[in-house]
Amino acid sequence: MAERQGPLSGMRIVEMTGIGPVPYAAMVLADMGADIIRIDRPGGYPAIDPTLDFASMDAASVFYRSRPLVELNLKSAAGREVMFDLIGQADALIEGYRPGAMEALGVGPEDCLEHRPSLAYVRVTGWGQEGEMARQAGHDLNYIALSGALSLFGRDGVPPVAIPPLVGDMASGALFGVIGMLSAVLHARTTGQGQVVDANIVDGSASLYTLLTALAAMGAHSAPAGQNVLDGGRHYYRTYVCADGAYVAVGAIEPAFRRVLLEKLGLLEDARFIKSDIADDPYCTATLGGIFAAETRQHWAALFAQSDGCVTPVLSPQEAQADPVNQARGLFQTVDGVVQAAPAPRFSQTPSAISLSARCASKSNPDALRRWGIAPERI
């Protein structure tokens, strides 16, 4: 395992193995230099759906990069002793189990804070730690449905069938978990006082649409889903299909950028585009649709390259990996043959790094305990 580097070097975290938000949160923290030991039960966490056809199981475990795995039997007294020795040195613990699961293992917040009063005990769930739904099963789609976030992704007032788990699991769960942990650790370093952080997807996803709540109060986002400025309701902020069946995204909200768009498309003499009256939007949308449909996506990408017309190609993840602009910036890295997003955000003085490949991080390595001064023979 490479030497830790990044702005969080020196910070120690215990991660309880899970799926969804917690491994992503831990990956972000580990890439930024945090020294994390991932704890799993003997035999490992239940495998992902065996019917899924992954070309490489390493690709499926990219979330586990940058920190070692140690299998530990927390149902045994010896396992709990090792766990508490880890906790005694940790700045934080992060887990994503149903409320009560960690308590049942004897490593709940009260037990851990007794061994480490300054500990940030981060709990990432869907519904939160309290309330009548706290112990109820659910997934990303359920949580963002209840918070109101899912309805914002509809078209013409109809919510989508589903959206990828980005707004819920990754942003509202994982990243709010990261924010909560770092805040609690800073507080503990000032006061010596640890605390429990309840980072849940319902709360987080409601917070994420604060901008739209503010705009709605101003009357600027009050139409049904798909009919507002920021969700495709205007001709200058939406996607269009091209001659090759691919898409471009048009985001020319500001008048100055919209003028560049119109100039490059030869529409500066069309009064209905200049006036930009919402009543003319059907005409404007149909006109732009016809123009973009006449040429390929690559044609439009080249035409608007290095301009302020705010037109970009809509790339698939695979296309994004091959895009010259992304490649020049090192947006993706290949580790053990697996292409994956590079650490983010970027730091000028303390750059982050992928310190351990997913392939290595997916195998139990008791020797990782030595880094924390614990003999691996104890487990």
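What you are looking at is a predicted structure, and each value in this text was computed from that prediction instead of being measured.
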So does [Y] get a backbone contact from the side chain of [X], meaning a donor-acceptor N/O pair under 3.5 Å?
X: E95; Y: V122; answer: no
X: R238; Y: Y236; answer: no
X: W300; Y: T312; answer: no
X: S61; Y: Y64; answer: no
X: N73; Y: K75; answer: yes
X: S307; Y: L303; answer: no
X: D231; Y: R155; answer: no
X: R234; Y: S276; answer: yes
X: R67; Y: A30; answer: no
X: D140; Y: D169; answer: yes

**Asked** Does any pair with a residue in residues 203-216 pass side chain to side chain donor-acceptor pair (under 3.5 Å), and if so which ones, sequence neighbours excluded?
**Response**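 Every side chain to side chain donor-acceptor pair (under 3.5 Å) pair that includes a residue of residues 203-216, provided the two are not neighbours, is S147-S205, N200-D203.
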Note: [X]-[Y] ion pair, threshold 4.0 Å (strictly below):
X: R123; Y: E103; answer: yes
X: E377; Y: R370; answer: yes
X: E319; Y: R297; answer: yes
X: R12; Y: D91; answer: no
X: R80; Y: D111; answer: no
X: R41; Y: E71; answer: no
X: D35; Y: R371; answer: yes
X: R359; Y: D336; answer: yes

Over all atoms of both residues, closest heavy-atom pair of [X] and [Y]:
X: G233; Y: D281; value: O-OD2, 3.4 Å
X: A252; Y: R258; value: O-NH1, 3.1 Å
X: A320; Y: N326; value: O-ND2, 2.9 Å
X: A90; Y: L119; value: O-CD1, 3.8 Å
X: A368; Y: V70; value: CB-CG2, 4.2 Å
X: V314; Y: A249; value: CG2-N, 3.7 Å

Are any of the side-chain heavy atoms of [X] and [Y] separated by less than 4.5 Å?
X: L211; Y: L215; answer: yes
X: L208; Y: S172; answer: yes
X: Q195; Y: P109; answer: no
X: D323; Y: L331; answer: no
X: V197; Y: Y121; answer: no
X: K363; Y: L69; answer: no
X: I39; Y: T17; answer: no
X: F84; Y: V107; answer: yes

For [X], look at atom [atom1] and say whether over 12 heavy atoms of other residues, nucleotides or ligands are found less than 6.0 Å away.
X: F332; atom1: CZ; result: yes
X: R329; atom1: CZ; result: no
X: E130; atom1: CD; result: no
X: E114; atom1: CD; result: no

Within one Ile-Leu-Val-Met-Phe-Trp-Tyr cluster: [X] and [Y], side-chain cutoff 4.5 Å:
X: L175; Y: M181; result: yes
X: V311; Y: Y237; result: no
X: V229; Y: L262; result: no
X: V260; Y: L288; result: no

**Message:** Let's go through T239 and V250 carefully: what are the C-alpha distance in whole Å and the side-chain angles of both, what is the deciding distance for side chain to side chain contact (heavy atoms under 4.5 Å, CB included) to 0.1 Å, and is it a yes or a no?
**Reply:** CA-CA 6 Å; T239 58; V250 177; over 6 Å; no
From [X] atom [atom1] to [Y] atom [atom2], the distance as rounded to the nearest 0.5 Å:
X: S355; Y: Q5; atom1: OG; atom2: CD; result: 8.5 Å
X: D85; Y: R116; atom1: CG; atom2: CZ; result: 12.5 Å
X: E15; Y: R38; atom1: CD; atom2: CZ; result: 6.0 Å
X: I144; Y: I201; atom1: CD1; atom2: CD1; result: 9.0 Å
X: C310; Y: L261; atom1: SG; atom2: CG; result: 8.5 Å
X: L105; Y: M83; atom1: CG; atom2: CE; result: 8.5 Å

**Message:** We want to know whether D31 and S352 form a side-chain donor-acceptor pair, criterion being a heavy-atom distance below 3.5 angstrom.
**Reply:**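 No, no side-chain donor-acceptor contact under 3.5 Å.
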**Asked** Taking the inter-plane angle between the rings of F273 and H235 on a 0 to 90° scale, is it parallel (under 30°), tilted (30 to 60°) or perpendicular (over 60°)?
**Response**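 The arrangement is perpendicular - the two ring planes meet at more than 60°.
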**Message:** For residues 135-165, which residue pairs pass the ring pair (Phe, Tyr, Trp, His ring centres under 6.0 Å) check, not counting sequence neighbours?
**Reply:**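 Output for this query lists W127-Y143.
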**Asked** What's the verdict on side chain to side chain contact (heavy atoms under 4.5 Å, CB included) for M16 and I94, showing C-alpha distance, side-chain angles and the deciding distance?
**Response** CA-CA 6 Å; M16 304 304 297; I94 185 168; over 6 Å; no
**Request:** Report the C-alpha separation of L267 and I291 in whole Å, then their side-chain angles, then the decisive distance to 0.1 Å, and conclude whether the side chain to side chain contact (heavy atoms under 4.5 Å, CB included) test is met.
**Result:** CA-CA 10 Å; L267 294 171; I291 292 174; 3.9 Å; yes
